[in-house]
Amino acid sequence: MAKLLLGLLLVLAIIGTTSANNCDKDAEAMKQECKKFEEFPANPKLEPSPACCAVWQRADIPCLCKRVTPEAEKLWCMEKVVYVANYCKKPFTPGYKCGSKLTLCIYTYNYPGYTVPKSL
């Protein structure tokens, strides 16, 4: 029984370490490929590169959002982050919390091809 419990704890530790390492890799890739599209000032909003969108498609966004501190929000424009997420076809759902910011519906129509529903 003790060996089973020890084995389970080892597996959980490995999974946790792998997840943290993946999040670190995603954060580095996001900085490298997307920073210029997501930093202040809020305007102009530039269409992100295919490489940036590839990062968005594969990244663990919930893990990255947990790492967004108030200090990071001084460097990264969350309005642009939402714009890039939408443009790259991996949008936040309205009300999703990333850092201290809630994504708002108003951000979701600031990208090409989106039309505002008549109900708004």
Side-chain angles (χ1 to χ4, degrees):
M1 181 69 166
K3 286 183 182 182
L4 180 64
L5 183 58
L6 183 60
L8 181 60
L9 290 173
L10 181 61
V11 168
L12 291 174
I14 291 170
I15 290 171
T17 302
T18 302
S19 179
N21 287 341
N22 286 343
C23 198
D24 290 341
K25 289 177 185 175
D26 289 345
E28 279 306 309
M30 191 69 72
K31 287 176 193 170
Q32 183 175 346
E33 298 297 338
C34 300
K35 182 178 180 183
K36 64 184 172 189
F37 307 109
E38 299 175 342
E39 62 189 352
F40 283 101
N43 287 304
K45 289 177 182 60
L46 306 174
E47 292 182 6
S49 67
C52 176
C53 285
V55 170
W56 266 97
Q57 288 299 317
R58 71 174 178 266
D60 182 350
I61 300 303
C63 180
L64 292 175
C65 282
K66 289 177 187 173
R67 294 176 169 211
V68 177
T69 63
E71 292 78 27
E73 289 177 19
K74 292 176 185 173
L75 303 172
W76 296 79
C77 175
M78 296 310 288
E79 184 177 339
K80 279 187 170 179
V81 169
V82 171
Y83 169 81
V84 170
N86 288 333
Y87 186 91
C88 294
K89 303 199 178 3
K90 194 172 179 182
F92 293 100
T93 55
Y96 186 86
K97 186 172 181 184
C98 191
S100 69
K101 307 287 185 198
L102 291 176
T103 59
L104 304 174
C105 292
I106 197 163
Y107 290 159
T108 61
Y109 59 81
N110 287 329
Y111 72 98
Y114 183 83
T115 55
V116 179
K118 294 188 191 294
S119 62
L120 289 181

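As the structure is a prediction and not an experimental result, all values here were calculated from the model. Basis for what follows: all heavy atoms, side chains included, without hydrogens, waters or symmetry-related copies.
The shortest side-chain heavy-atom distance between Y83 and E47 falls under the 4.5 Å cut-off. Taking the side chain as every heavy atom from C-beta outward, W56 and E33 never approach each other to under 4.5 Å. Two residues are said to be in side-chain contact when any heavy atoms from C-beta on lie closer than 4.5 Å; K45 and K80 meet this criterion. By the 4.5 Å heavy-atom criterion applied to side chains, D24 and N21 are counted as neighbours. Annotation: side chain of R67 is in contact with side chain of C23 (closest heavy-atom distance under 4.5 Å).
Scanning for side chain to side chain donor-acceptor pair (under 3.5 Å) contacts around E73 gives S100, with sequence neighbours left out. Taking C77 as the reference, nothing meets the disulfide bond (SG atoms under 2.5 Å apart) condition, with sequence neighbours excluded. Applying the side chain to side chain donor-acceptor pair (under 3.5 Å) test to E71 and every residue at least two apart in sequence or in another chain returns T69.
For the atom pair OH of Y87 and OG of S49, the computed distance is 9.5 Å after rounding to the nearest 0.5 Å. Atom CZ of residue F92 and atom CG of residue N86 lie 8.5 Å apart, to the nearest 0.5 angstrom. Summarising the geometry, atom CE belonging to M30 is positioned 5.5 Å from atom CG belonging to L64; distances are rounded to the nearest 0.5 Å.
Residues Y96 and P62 come closest through the heavy atom pair OH-CA, 3.3 Å. What you find for R58 and A29 is that their closest heavy atoms are NH2-CB, 4.2 Å. Closest non-hydrogen pair, E38 versus V84, comes out as OE2-CG1, 3.4 Å. Listed here is the closest heavy atom pair of A59 and D26: CA-OD2, 3.5 Å.
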Using the rule given for side chain to side chain contact (heavy atoms under 4.5 Å, CB included), can you reason through C98 versus M78, listing the C-alpha separation, both sets of side-chain angles and the distance that settles it, and then say yes or no?
CA-CA 8 Å; C98 191; M78 296 310 288; 3.8 Å; yes
F40 and K74: CA distance, side-chain angles, deciding distance, side chain to side chain contact (heavy atoms under 4.5 Å, CB included) verdict:
CA-CA 8 Å; F40 283 101; K74 292 176 185 173; 5.7 Å; no
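In K90, the NZ atom is crowded: over 12 heavy atoms of neighbouring residues, nucleotides or ligands sit closer than 6.0 Å.
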